[in-house]
Number of protein chains: 4
Amino acid sequence: MSKKVRSFQWFIERLADYEAHMHAISSTVFVGGTEFQEVAIMESPVFGKMLTLDGDLQSAELDEFIYHEALVHPGLVFHPHPEDILILGGGEGATLREVLRHSTVRSATMVDIDGELVQICRRLLPGWSQGAFDDKRTRLVIADGKKTLEEFMESFDVIISDLTEPLSYSPSRSLLCKEFFETIKAHLRVPGIFSLQSSRGEFPDIYVHSSISRTLRSVFAQVRTCIVRIPSFDTMWTFTFCTDVAGLLSIDTDTVDARLSERGVKNLRFYDGETHRGIFSLPKYFRVALTEQGRVIEGEASPIPEREPVFLI
Amino acid sequence: MSKKVRSFQWFIERLADYEAHMHAISSTVFVGGTEFQEVAIMESPVFGKMLTLDGDLQSAELDEFIYHEALVHPGLVFHPHPEDILILGGGEGATLREVLRHSTVRSATMVDIDGELVQICRRLLPGWSQGAFDDKRTRLVIADGKKTLEEFMESFDVIISDLTEPLSYSPSRSLLCKEFFETIKAHLRVPGIFSLQSSRGEFPDIYVHSSISRTLRSVFAQVRTCIVRIPSFDTMWTFTFCTDVAGLLSIDTDTVDARLSERGVKNLRFYDGETHRGIFSLPKYFRVALTEQGRVIEGEASPIPEREPVFLI
Amino acid sequence: MSKKVRSFQWFIERLADYEAHMHAISSTVFVGGTEFQEVAIMESPVFGKMLTLDGDLQSAELDEFIYHEALVHPGLVFHPHPEDILILGGGEGATLREVLRHSTVRSATMVDIDGELVQICRRLLPGWSQGAFDDKRTRLVIADGKKTLEEFMESFDVIISDLTEPLSYSPSRSLLCKEFFETIKAHLRVPGIFSLQSSRGEFPDIYVHSSISRTLRSVFAQVRTCIVRIPSFDTMWTFTFCTDVAGLLSIDTDTVDARLSERGVKNLRFYDGETHRGIFSLPKYFRVALTEQGRVIEGEASPIPEREPVFLI
Amino acid sequence: MSKKVRSFQWFIERLADYEAHMHAISSTVFVGGTEFQEVAIMESPVFGKMLTLDGDLQSAELDEFIYHEALVHPGLVFHPHPEDILILGGGEGATLREVLRHSTVRSATMVDIDGELVQICRRLLPGWSQGAFDDKRTRLVIADGKKTLEEFMESFDVIISDLTEPLSYSPSRSLLCKEFFETIKAHLRVPGIFSLQSSRGEFPDIYVHSSISRTLRSVFAQVRTCIVRIPSFDTMWTFTFCTDVAGLLSIDTDTVDARLSERGVKNLRFYDGETHRGIFSLPKYFRVALTEQGRVIEGEASPIPEREPVFLI
């Protein structure tokens, strides 16, 4: 056996039936459970610190900027003057960080069910929140997002859903259905925008995303998907933006750049006008799959298609 | 041990230092060596038949259409009337297949060094070439692409390079350098287009692509990169298009759709005007990396950065 | 990416909850299903051809001699004059091959349920049977071993059970229980020996083997386990030998060597007197585990402990 | 994706060219470098805490008793009255622990080059040493074993070498050659015993062990190998015992049990008379390989055969 300079562990993430990705791991920073989920923070020579919840990679130090810029900025840029923002989930604090970049924002309310997770991230992943929790516009609520929103009297300009995948055992499960999307809509001020991470967007199977999209289209008049490469996820990811106001989601590259500039949003690394045009121009096969796959998710139904999982090892 | 309905083998592809992808394999159709390279054809439950050369995945049944449409159609669509086409490499025959879709094409010359590989693909991957080798416009030359082009008196409207990665041991090694790009340019009729697959386009390391791009920019006045998701490659891939004619590479979505329609190119699954707009709108970090990474490749220099490989198992 | 001389596939075998072994595979010779099981034959640079049934490795070219010598010779050597032998299972023909080495043997009856498997092995693994199926002492019966034995009027000197692991979906399932062991005993002539492969013998969990052993001890007066390293299995394996005749299973190394010699058994590579002494001298922890683990298997009960499997990918 | 109760990392250990073992890891306790080697402590659901040095597994909580009992007790039991013991290496303290069980022992000197490693083990793996470092018979010397022994005036009854594998970059490299074995012999009082871990003992390739054994046979009149299954190593391991006194290494099972009993060695889990008989009775193929493989290791020559390593990922 020849010299190995370092000894590696591996994080092997199942991506789909029959497919997995192997990340070499140089150290494991944290492993533990909160009341709601298993949390691990590992360090990769390529991606830096990586956060997993229940074994699914949530974000990585190297490229979390792509995920969070793609989730936040299109929605805020579509809105002509976003002031009051609600974030559901987003425990790492990076979604909050991106929201606070817009000078128009006067309040950012973040509701996450898992207070322990928020503390773990503030302590061990400070580069994610970068002080966002200390911003005086921030209000952090540790609570069930669904119940909280049902009880809130307030309304918002933009609501951003940054939840984990809607798996059967996930705390986010009941937050991805027609009924809850209607609750969200009821808390949007005109012209309100609802933005959400909306699952994998990988050919050929986009059933979960298509179901989320169909469900959103049954609630909102305007719905647009963008697809974005997140290298550490090893797949394409989708984000969806919704409103009832015609024309609001159709803006050109100059408008994107102008709005970012007017609001003092500088030093983005992923998002600008050209990026916006690219991620909202969907490949032909994706547009076809959106019309062919998925179903409206109602009540307690799972957005995950019912089928036997395939276990490989 | 619980029931496994099937027994799987795995194809584990190293993607980069510290990163690998695991494909479950339901059968191995072919393993063998030609004079030039190791060839394997495996079958995946997700991607169908997959062709590897020297252990690198070249194309897969499910999504080869994405690769080959992205390599061929932008170049032919940029050209106002492409008639004589040269393909370097492209042993599977799918690049040829896509070229022949354009009714303007009157000759398609394919030069591949590895005649055995071409025969293996025709026999075992007939869905790739779909009869393209039998088209009367096709001329197949089994020869060294470099020497052949240096000796050819002919010129072409579009030259397409569909070569393997320029690794130190690859037969394609000397076909990705400034000198050879000048040879190619000398065989282009005005307004000629040079199209090529141009390596991975994955953040953060696009050194090889950037080097190819820099080298092309030292030869051609106009150079444009597009980046495309190829799911079976488990990474983003780049294709580059070059010409000396100003404005030729700037066309709008309507022109793309119109040219495809005029030339009878129907039933594409990946490429059309909207797809074109998406793949040529590069994310901001990618545009930055293109200006920061890479170097001009001259003579026998390798486009691969000199560094110790990291072996993981 | 640096040169890989060859491209490998991998056979990843789950060994236990949380443990797996990776074999690089240079080619896949056969993949297909018979009426009873999934069959694959792969070639490893280390172990040569490897046969799997339902994803479990059965035997490998390099070291099948260890498995088959350990299964056959102790039982035949314990017997003072073995003439008529019955083999249950043993589709590869290598158990038969080893039985026929003893010049005392005048008939060897092999009953295997899976005639297709026997044909596949004769054709693709001729080194396993080495002509044993053509020996005039051989009688091959393609039938259900249980039913056949219940109907057979004959009796035998040694009965050898070479069945697959008794998993819930296995054709061998009902052949590892008290009732069937009693059927076997009824077909043994005094002083008869029953030999069987009896599952993994790996610390700390030998529950399946202990259950088989307990069940055998409820039927036979004398029961001895040996444990043997089979490198390709990546675990220790057990074989068990049973009789009702006191003293029959206690022989010294000289007797082993003398009986092999008298019967013309030459050129064994694994088994002789010293090997015999080694494999029947069990480590202390194993002797303890045999008294602490397992339960008698009766009727349709599975010898596998009831618990949720752990899936890892 | 179905529920995974826990998220696992993996420790993938290369065992040989083309072979690797995967251990699921539930947590990583420690990763760091000392002056001499990379150290990692990981926790496996099966094997508990596992210590690796430079990526090679050294010992695991579940089965380190097997390794350390096999290394220590045969040597001490072969000796009629072992009083002064020297241990080379053995940083975990478990070899020391086993030595101190013998009531005849009045001094146990341990020389390990890596004081940091010893401290890490005392702090994080207290179950290995179990207070052995605090025993008043213990003398711990942090120093280069080779230099120390060359300078020591003392002699010992038993010298135990518990070093890492003699890889080219290993601190243990120069301690496995004829010259150093002669130095050891010069520090043995008659009738002295030299015991050592002596590398893998896995069919078909035992070149390293055979070379160590040949080298020992060029120095000592009596040399015996035992082979032992260490489940966490996923291979067979050898230990070798040497002396110049005829007959000393030939003892029967009753003598083993009697000497353990006389010296108050109780509660061993692996080793006793029957185990002794088993591990010193070598399979026939192993005895043959010992005569056919390997070469005497002299001077700075590596015991590892010179050949190109095969990298798989």
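Between chain A and the residues B:R269, B:E19, B:M236, the largest count of heavy-atom pairs under 4.5 Å involves B:E19. Among A:H23, A:R229, A:R277, A:H276, the residue with the largest count of heavy-atom pairs under 4.5 Å with chain B is A:R229. Looking only at heavy-atom pairs under 4.5 Å with chain A, the residue among B:T235, B:L282, B:I66 that has the most is B:L282. The greatest number of non-hydrogen atom pairs below 4.5 Å with chain B, out of A:L268, A:I227, A:V228, A:I279, is found for A:L268. Between chain A and the options B:D63, B:T275, B:V288, heavy-atom pairs under 4.5 Å are most frequent for B:T275.
Using a 4.5 Å heavy-atom threshold, the side chains of B:E274 and A:K284 count as separate.
Only the side chain of A:E202 comes within less than 4.5 Å of a heavy atom of chain B; its backbone N, CA, C and O stay farther away. Only the side chain of A:F47 comes within contact range of chain B, with heavy atoms under 4.5 Å apart. Contacts between B:S44 and chain A at a heavy-atom distance below 4.5 Å involve the side chain alone, from C-beta outward.
Formation of a donor-acceptor pair under 3.5 Å by the B:T238 side chain with backbone atoms of B:T225 is not found in this model. Not a single donor-acceptor pair under 3.5 Å links the side chain of A:R200 to the backbone N or O of A:A16.
If you look at B:F270 and B:Y67, their ring centroids are not closer than 6.0 Å. Checked against the 6.0 Å centroid threshold, B:F65 and A:F203 count as a close aromatic pair.
For the pairing with A:F280, the ring-ring contact (aromatic ring centres under 6.0 Å, His included) check across A:Y271, A:F239, A:F286, A:F78 returns one residue only, A:F78.
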